[in-house]
Undergrad: 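Sharing a structure below in structure tokens format, with a few things to ask.
Throughout, a chain's letter reflects where its sequence line sits, starting with A, and its residues are numbered from 1.
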Number of protein chains: 2
Amino acid sequence: MQKSSQLQMICSCILHFSTDIGINIDMTQNERRAENLTAALRRAGVRMTRQREALLSILADAEDHPEATELQRRANEKVPGISLSTVYRTLSALETEGVILRHQFDGASARYEHSETQHHDHMIDVDTNEVVEFSNERIERLQAEIADAMGYEIVHHRLELYVRKKARS
Amino acid sequence: MQKSSQLQMICSCILHFSTDIGINIDMTQNERRAENLTAALRRAGVRMTRQREALLSILADAEDHPEATELQRRANEKVPGISLSTVYRTLSALETEGVILRHQFDGASARYEHSETQHHDHMIDVDTNEVVEFSNERIERLQAEIADAMGYEIVHHRLELYVRKKARS
DNA sequence: CTCCGTGCAAACAATTTGCATGGAT
DNA sequence: ATCCATGCAAATTGTTTGCACGGAG
């Protein structure tokens, strides 16, 4: 859906991230992901059906953050006739197992991603809806300090930057 | 609804915040808020009705982050029979005018607050649903740097810490 | 052969909207 | 006297659930 480019960030201290990987997908990595997802469902003690297989492979391959209907569409290319209920039920099982993440950006529908990669936050391009991942250790640390200073411990957090491409200077 | 206490944070650099103000409410401040809200609606070129007046005063007085139905309940104590549609319509007008903020914490209903105070982020106690405001200049700065480094400018952002009271050590 | 997973349709919850009437200006 | 704002009910959107059947184990 969206074009790809290696995005880098060289902020004063930490990190960088790539969002999409264009053409050359590391199949081994995707296969490992698919296996992780399958294992998670097995662990949950459920049956492996062909609609679930399709969904798992789609999720493992997805480099973006698709919503439920989009996942249904993609999965149906492999195995026609997968209902939206099945998509939601499978997603919810996978989320419970902790192998995928569900995001609720602004007021829109939920979007999902496999959680195999390390923790990161999101920048959402308000014009294109494209999602760019990033991570900054200093922000993480500050968050923990703030919570701690107020007598809390963080269960989880959301940092979402709604952004727009800068006009070229 | 929730008990009050002056919360402070003495994080390495910046800020602190109070959530609720128990009994002694600064009436002048609340009245000023109410006027701001009224002015905003007038500016929007709409008519002032008694249901809107009730809502505005409720919003101005609210020191927490109530949801639409809660606002309706409170407003109905002043003026009975305010419908939920009216609440939503008024909230949406006020949000357009920029005098209130709408938050969508996790999967729950939207919650609102007047935006007269300076910008801040939120900590949500996952056990009590209580919301604590905080603000940290360093985090803000880092966010801007990150967006900038990736060629974006921030339109708005959400930083939400879902937290739990620490077990006493 | 036993149940779990599925598709379908209906149920849901939060929010929005169409419409006729009442009220602010 | 205008025409906007209201209340009500119906529509919408995204997601969940009840039920009877089919397929995984």
Side-chain angles (χ1 to χ4, degrees), chain A residues 37-59 65-97 100-113 124 129, chain B residues 37-59 65-73 75-76 78-97 100-112 129:
Chain A
L37 298 179
T38 307
L41 276 197
R42 286 245 144 77
R43 199 184 319 135
V46 299
R47 291 174 185 175
M48 198 51 52
T49 63
R50 88 192 168 296
Q51 22 294 68
R52 277 179 179 167
E53 268 165 21
L55 268 169
L56 296 181
S57 105
I58 293 297
L59 271 169
H65 301 67
E67 26 190 89
T69 50
E70 171 63 12
L71 283 168
Q72 182 193 23
R73 203 191 55 69
R74 293 187 198 174
N76 274 326
E77 285 176 4
K78 295 201 170 195
V79 177
I82 301 180
S83 77
L84 201 46
S85 347
T86 298
V87 175
Y88 277 115
R89 279 189 276 234
T90 304
L91 287 173
S92 129
L94 290 168
E95 198 199 358
T96 303
E97 285 302 304
I100 64 168
L101 292 174
R102 173 193 197 139
H103 302 292
Q104 188 83 28
F105 298 133
D106 260 1
S109 325
R111 298 172 67 172
Y112 303 83
E113 68 174 320
I124 300 93
N129 284 320
Chain B
L37 297 180
T38 308
L41 276 198
R42 287 244 143 78
R43 199 183 319 134
V46 299
R47 290 173 186 175
M48 199 51 52
T49 63
R50 87 192 167 299
Q51 14 307 61
R52 277 180 179 165
E53 268 164 21
L55 268 169
L56 296 182
S57 105
I58 294 297
L59 271 168
H65 300 68
E67 28 190 88
T69 49
E70 171 63 13
L71 284 168
Q72 181 194 24
R73 203 191 55 68
N76 276 327
K78 297 201 166 191
V79 178
I82 300 181
S83 78
L84 200 46
S85 346
T86 297
V87 175
Y88 276 116
R89 278 189 276 234
T90 304
L91 288 173
S92 129
L94 290 168
E95 198 199 358
T96 303
E97 284 303 304
I100 64 167
L101 291 175
R102 173 193 197 139
H103 301 292
Q104 188 82 32
F105 299 133
D106 259 2
S109 324
R111 297 171 68 172
Y112 303 82
N129 285 321

Undergrad: Which atom names give the shortest non-hydrogen contact between Lys78(A) and Pro80(A), and what distance separates them?
TA: O-CD, 3.8 Å
Undergrad: For the residue pair Leu41(A) and Leu37(A), establish whether any side-chain heavy-atom pair is separated by less than 4.5 Å.
TA: no
Undergrad: Step through the shown structure and confirm whether more than 12 heavy atoms of other residues, nucleotides or ligands are within 6.0 Å of CZ on Arg50(B).
TA: no
Undergrad: Looking at Arg52(B), does any N or O in its side chain come under 4.0 Å of the phosphate oxygens OP1/OP2 on dA5(D)?
TA: yes
Undergrad: Looking at every heavy atom in both Ala54(A) and Ile82(A), which two are closest together, and how far apart are they?
TA: CB-CD1, 4.0 Å
Undergrad: Going through the distances and angles, do Arg73(B) and Glu70(B) end up as a salt bridge (charged side-chain N to carboxylate O under 4.0 Å, His left out)?
TA: CA-CA 5 Å; Arg73(B) 203 191 55 68; Glu70(B) 171 63 13; 2.9 Å; yes
Undergrad: I need the CZ-P distance between Arg42(A) and dG5(C), as an integer number of Å.
TA: 12 Å
Undergrad: Would you kindly compare Val46(A) and Arg102(B) by the position of their nearest DNA chain C nucleotide and give the one closer to the 5′ end?
TA: Val46(A)
Undergrad: How close do Gln104(B) and Ser109(B) get, heavy atom to heavy atom, and via which atoms?
TA: NE2-C, 4.3 Å
Undergrad: Roughly, in whole Å, what's the span from CG in Leu71(A) to C1' in dT15(D)?
TA: 14 Å
Undergrad: Starting at CG of Leu55(A) and ending at P of dG7(C), how long is that distance when rounded to a whole Å?
TA: 10 Å
Undergrad: With nearest nucleotide decided by heavy atoms, which residue, Arg50(B) or Ala110(B), maps closer to the 5′ end of DNA chain C?
TA: Ala110(B)
Undergrad: Nearest whole Å is fine: how far is dT15(D) C1' from Glu95(A) CD?
TA: 13 Å
Undergrad: Could you check if a side-chain atom of Leu56(B) sits within less than 4.5 angstrom of a side-chain atom of Met48(B), using non-hydrogen atoms only?
TA: yes
Undergrad: If you compare every side-chain N and O of Gln104(A) against the phosphate oxygens of dG14(D) (OP1, OP2), does one of them come in below 4.0 Å?
TA: no
Undergrad: Here's a test of your reading of the structure: between Glu67(A) and Thr90(B), which maps to the more 5' nucleotide of DNA chain D?
TA: Thr90(B)
Undergrad: Expressed as a whole number of angstroms, how long is the span from Tyr112(B):OH to dT15(C):C1'?
TA: 8 Å
Undergrad: Would you kindly give the CG-to-C1' distance between Leu91(B) and dT15(C), to the nearest whole Å?
TA: 11 Å
Undergrad: Give a yes/no on whether any side-chain N or O of Gln51(A) is located under 4.0 angstrom from OP1 or OP2 of dG23(D).
TA: no
Undergrad: Let me know the distance between CZ of Arg47(A) and P of dG22(D), rounded to the nearest Å.
TA: 16 Å
Undergrad: Does Thr49(B) place a side-chain N or O at less than 4.0 Å from the phosphate oxygens OP1/OP2 of dA5(D)?
TA: no
Undergrad: Check DNA chain D against residues 80-88 of chain B and give the residues with a non-hydrogen atom under 4.0 Å, in numerical order.
TA: Gly81(B), Ile82(B), Ser83(B), Ser85(B), Thr86(B)
Undergrad: What integer distance in Å separates Leu41(A):CG from dG25(D):C1'?
TA: 15 Å
